[in-house]
Amino acid sequence: MTEKNMPLWEVFIRSRTGLSHRHAGSLHAPDAEMALQAARDVYTRRGEGLSIWVVPSSAITASDPSDKDALFEPTASKIYRHPTFYEVPDEVGHM
Amino acid sequence: MTDTPLFTYTLRLADNALVLGHRLSEWCGHAPMLEEDLALANMALDCIGQARNFYTYAGEIEGKGRTEDDLAYLRDCDGFRNILLVERPRGDFAFTILRQFFYAAFMHPYFERLSASKDERLASIAAKAVKEMAYHLRHSAEWVIRLGDGTEESAARLAEALVDLWPFTGEMFEVDETERALIEAGVAVDPAALRPLWLETVDRVFADALLARPQDGWMQTGGRRGEHSEHLGHLLADLQFMQRAYPGSTW
Amino acid sequence: MYAQALNAATETSKDDPAKLAAFQARIDAEEKIEPNDWMPEGYRKTLVRQISQHAHSEIVGMLPEGNWITRAPSLKRKAALLAKVQDEGGHGLYLYSAAETLGVSREELVEALLSGKAKYSSIFNYPTPSWADMGMIGWLVDGAAIMNQIPLCRTSFGPYARAMIRICKEESFHQRQGYEIVMTLARGTPAQKKMAQDSLNRWWWPALMMFGPSDTASQHSDQNMKWKIKRFSNDALRQKFVDATVPQGHFLGLTFPDPDLRFNEATGHWEFGEIDWSEFNRVVKGEGPCNRERLKARNKAQEEGAWVRAAALAHAEKRAARKAAAKIAAE
């Protein structure tokens with residue numbers, strides 16, 4: 001008998017207040033509530049979590065690695081976006 | 001010398017937690033899915049942790065130097081004070097989950113009240129346990145709903161577990177002389193007073209699980225007095241094997 | 001725990017040479033390869049096989065230790081053992097997830113294990129008749145595993161490396177709890193000392209076999225080294241393990257079941273006797289003491305859980321349908 005596959009979920013955990021949720025891993029669960037509970041049981045066994053997000057893996061849209069140059073290269077030359085591009089005399093102090 | 005009421009009371013809490021934790025731990029490596037294997041182990045660890053805290057305190061109350069392990073490993077069936085519900089064999093997943101639901105739906109409000117006990121030690125153990133039982137309740141209730149309103153087979157298995165388990169739920173609410181005085185002194189929780197709340201929780205979850213609550217009838221009893229089923233002896237044979245085979249050793 | 005080096009054969013590549021060269025350049029630059037990146041077919045296949053074998057080993061590895069959870073001799077040991085076996089389940093889960101990023105489902109991988117097609121570490125085909133085996137598995141088997149797992153934290157495939165980092169962090173207590181159990185026995189009654197020594201006698205050689213065949217007999221590790229899937233040779237890791245472990249055993253007054261074991265002052269290494277590779281090959285092939293039992297136990301859990309998984313999925317569908325119907329009704 002071939003079983004139906006249990007949906008895959010991605011787990012994001014906020015480990016401390018003030019931090020953003022970070023990808024912790026994935027798991028299988030039939031629905032969102034069970035996915036949330038499984039995330040708690042699997043990924044926060046050592047007090048790693050304050051808040052959990054679970055997202056169906058199928059809901060994630062990812063960029064294509066072959067688009068890497070087109071997506072990310074053009075910003076490399078725009079050095080005027082960084083503070084060190086501008087000169088401020090030392091006498092002015094920290095800015 | 002007879003045991004003091006506080007000792008017996010604390011021992012009952014400890015034995016319930018240990019025996020149920022033992023049953024839950026029997027699932028480790030054999031659960032229906034990997035995620036649930038971890039969930040069941042988490043609940044087992046919570047129960048074993050609660051048992052250790054209560055045993056340690058019971059040993060101190062008694063004042064004869066008995067440790068948590070002396071109490072867990074060196075008493076026979078008639079010394080155990082757990083309710084019969086927790087010593088039923090683990091059964092299938094429907095049985096395990098429904099038992100956990102019945103127990104957690106009772107122990108969650110129970111520990112909530114015990115955390116206000118006039119006995120500070122009991123209160124502090126309960127304050128930690130109440131959070132654990134809140135999760136046991138949430139997890140088991142969600143599963144009861146899924147099994148009840150899942151497939152024909154899961155509904156049938158859950159219904160079968162209900163018939164098996166229902167007669168063992170009455171013992172949770174019993175009050176005897178040992179506890180009466182402690183309840184009046186504000187040390188122990190009155191379990192009978194929790195029954196309406198428990199029924200409310202059961203009814204709420206059963207409504208979603210498409211499950212009918214049985215009529216109240218005859219209930220099993222005896223565990224809290226040391227009168228047990230055939231199953232506890234086998235559980236203790238497992239649990240206590242090493243301590244019995246190699247007495248007086250350090251592990 | 002971990003999958004021993006089973007040295008799966010790597011396919012000869014039919015991939016585009018230019019892409020292959022670019023891929024190798026990324027590996028050489030210590031760049032991590034991510035699931036959607038281009039990769040040679042052989043790399044993908046080797047990874048799926050190695051990561052899933054590793055996952056299977058964690059899951060099957062729950063059984064020999066699970067054998068003692070209900071009989072642990074103290075409540076402290078019971079809690080620690082249960083937490084450890086639970087960790088192994090978690091590690092299996094992380095590893096299945098890492099393998100799944102390569103386009104296989106957990107169901108397919110589990111099916112390969114249950115049908116006997118996939119391999120897992122053969123150390124778990126040995127029985128655990130005594131409590132001392134809980135100590136010995138932690139000390140020796142987890143100790144051997146750590147030797148292999150720490151370098152795997154830097155393996156070239158990103159999801160595998162990240163899973164290994166999490167696993168290594170969590171496993172740090174496993175070997176210590178094992179050694180503490182053995183130490184308590186070694187300092188205990190004569191019966192306890194005997195229990196520890198008997199257990200060491202049974203586990204020592206199988207633990208050495210965990211590192212896989214000798215480098216001279218192993219033809220497939222070159223490509224895996226080049227791809228940085230594997231970062232040290234079997235023999236190098238085995239020697240590292242022996243050097244670390246022998247003094248720990250002597251400290252406890254235990255004797256290793258190897259008359260040829262001796263310290264070489266010149267090299268600074270412990271030299272050990274010939275490993276019985278015929279035993280290793282037998283157990284890998286299926287003729288170990290517990291091969292059939294272990295697979296049967298996994299199959300039984302899977303079969304007995306089928307109705308639970310079916311119910312959960314059926315309920316999820318019903319719930320989704322109700323939600324959709326309610327939405328339509330509201331519109």
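Convention: sequence-line order gives letters A, B, ...; per-chain numbering from 1.
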(message) I need the residue from Ile48(B), Leu34(B), Ile97(B), Thr151(B) with the largest number of non-hydrogen atom pairs under 4.5 Å to chain C.
(response) Leu34(B)

(request) Name the option with the most non-hydrogen atom pairs under 4.5 Å to chain B; the candidates are Pro73(C), Ala312(C), Ala314(C). (result) Pro73(C)

(request) Without swapping roles, check the side chain of Arg298(C) against the backbone of His30(B) for a donor-acceptor pair under 3.5 Å. (result) no

(message) Checking Gln86(C) against Asn42(B): is there a side-chain donor and acceptor pair closer than 3.5 Å?
(response) yes

(message) Can you tell me which of Gly135(C), Ala297(C), Ala191(C), Ala301(C) forms the most heavy-atom pairs within a distance under 4.5 Å of chain B?
(response) Ala301(C)

(request) Specify which of Ile181(C), Thr184(C), Val85(C), Val60(C) makes the most heavy-atom pairs with chain B at under 4.5 Å. (result) Thr184(C)

(request) Find the one option among Gly188(C), Ala316(C), Ala79(C) whose heavy-atom pairs under 4.5 Å with chain B are most numerous. (result) Ala79(C)

(request) Would you check if Lys78(C) and Leu239(B) make a side-chain contact, meaning some heavy-atom pair closer than 4.5 Å? (result) yes

(message) Between Arg71(C) and Glu26(B), does the salt bridge (charged side-chain N to carboxylate O under 4.0 Å, His left out) criterion hold? Intermediate values first, please.
(response) CA-CA 11 Å; Arg71(C) 293 181 294 162; Glu26(B) 292 173 350; over 6 Å; no

(request) For residues Gln192(C) and Trp251(B), determine if any side-chain heavy atom of one lies less than 4.5 Å from a side-chain heavy atom of the other. (result) yes

(request) Using a strict 4.0 Å threshold on nitrogen-to-oxygen distance, state whether Glu153(B) and Arg309(C) make a salt bridge. (result) no

(request) May I ask you to decide whether Asp149(B) forms a salt bridge with Arg322(C), counting only side-chain N to carboxylate O separations under 4.0 Å? (result) yes

